[in-house]
Amino acid sequence: MPAANTYRLLILPGDGIGPEVMGEVRKVAGWFRDKRRAPIEIRERPFGMASWEKYGSLMPDETWAEITAADAVLFGATGSLAQQATISAAERKKGSLLTMRKALDVFANVRPIKANAALLSASSLKPEVVDGVDLVFVRELTAGVYFGEPRGVEKLADGVERGVNTHVYTSTEVERVARFAFELARQRKAEGKPGHVHSVDKANVMEAGAMWRRVVQRVRDAEFADVTLHHMLADNCAMQLIRWPRQFDVIVTDNLFGDLLSDCGAMITGSLGMLPSASLSARDAHGRRRALYEPIHGSAPDIAGKSLANPLAAILSFAMCLRETLGQAEDAATLERAVDKVLASGARTADLAAKGAPSLSTTGMGDAVVSALASA
Ligand code: IPM
Ligand code: MG
């Protein structure tokens, strides 16, 4: 029987490479529970096709009950072609990652991008461009074009199809994510980092973008006069991320731009397989945030089931969970150091290995992290 002050973590492995990378998270989390007495209880439910095959539903009530009862959800990956082909759109929506993000109201998606000294040559960018990059995206996650109405595809009288999605934000939605970003910038400044914010939009063509810019500026002026704010157009931001990524500290942007730009930022680290994320709600009366931790890579069906996937994004997402949900900054730092140590030793999964060089399997990489933990 777990103690009352135990944190309940729910693993949802999901589709594709999800089960493989989450298997390594289970090992790492088990290490912290057993060797460091981390007060965690680890539970698991099938998600995606595994749920469909077992329960005939993508979101049975029991799974939803487990999700809402958990202190944090550790998510693997979503996306399967079989799902698209065989399951109705309504059922897919019920069991989708997007529905879960929305229902948990985890509006602030934090995606740190840090260049790792051992991986400079794995990046497609020049080492001198990448060296020292330490930035974090705050991507708005529960509004914008991902959720806006109207949406859908209709057939016009003449047989022509018309597809519609709507980008929509209220000022309240912009305010809360802006506030989150400014608070993060303040915290980073206290840690000796630059601690400034770039807000990214398309104010030059979108009314909602012009409003985004106005609202972010208003929040800054009213509550965060100590934090420097820059505004940047999204297309320019894509270019600047590749040209001179060290200019960024905190980047706050909407759901769609955040999706695109964070993948772009991923190449700074050398692989999408390296990037963790935390999706957080507002604080409740006890100061706690609901949390969903997810690697930013997808289900990668092309390499699924082959033990080729890099588990580090999922493992580093668990480090974010240790820091944010458990408040165990030291344990989080220990885990991040263990990952650094493994990479410094030259160990690489296939996504990071130089052409023709030997590489570790998914489980090999997870084992290497666990053995590095003892001395990290
Ligand atoms: C991400 C992913 C998701 C998104 C997909 C899987 C729906 O690309 O988290 O970046 O677009 O938000
Ligand atoms: Mg994405």
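Start at 1 and go down the list; that is how both ligands and their atoms are numbered.
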message: Do Q217 and R214 pair up side chain to side chain, a donor and an acceptor below 3.5 Å, judged on atom types alone?
response: no
Identity and separation of the nearest protein heavy atom to atom 6 (C) of ligand 1: T78 CG2, 4.0 Å
- prompt: Any N/O/S atom, backbone or side chain, of D259 lying under 2.8 Å from the Mg ion (ligand 2)?
  reply: yes
message: So if I count the atoms of ligand 1 from 1 in the order they appear, which ones are less than 4.0 Å from some heavy atom of R101?
response: 1 (C), 3 (C), 4 (C), 9 (O), 12 (O)
task: Would you mind running through ligand 1 and noting each atom that sits below 4.0 Å from a heavy atom of R111?
output: 1 (C), 9 (O), 10 (O)
- request: Kindly give the heavy-atom pair with the smallest separation between E140 and W212, and that separation in Å.
  value: CB-CH2, 4.3 Å
field: Under-4.0 Å heavy-atom contact between protein and atom 1 (C) of ligand 1
entry: yes
message: If I apply the N/O under 3.5 Å rule, does R139 come out as touching ligand 1?
response: yes
- request: Compare all side-chain heavy atoms of D249 with those of L135 and state whether any distance is below 4.5 angstrom.
  value: no
query: Do the rings of H230 and H198 sit parallel, tilted or perpendicular, given the 30° and 60° boundaries?
result: parallel
message: Do N165 and Y146 pair up side chain to side chain, a donor and an acceptor below 3.5 Å, judged on atom types alone?
response: no
- line: min-distance protein heavy atom vs atom 7 (C) of ligand 1 -> L98 CD2, 4.1 Å
message: Within the structure, is a non-hydrogen atom of D259 found at a distance of less than 4.0 Å from ligand 1?
response: yes
message: Give me the nearest non-hydrogen protein atom to atom 11 (O) of ligand 1 as residue plus atom name, then the distance to 0.1 Å.
response: Y146 OH, 2.5 Å
message: Would D263 count as a polar contact of ligand 1, with the cut-off being nitrogen or oxygen pairs under 3.5 Å?
response: no
- prompt: Taking side chain as C-beta onward, heavy atoms only, is V216 less than 4.5 Å from V174?
  reply: yes
query: When you look at F248 and F137, which way does the ring pair (Phe, Tyr, Trp, His ring centres under 6.0 Å) test go after all the steps?
result: CA-CA 10 Å; F248 296 108; F137 281 99; 7.9 Å; no
query: Relative to ligand 1, is H297 under 4.0 angstrom through side chain, backbone, both or neither, heavy atoms considered?
result: neither
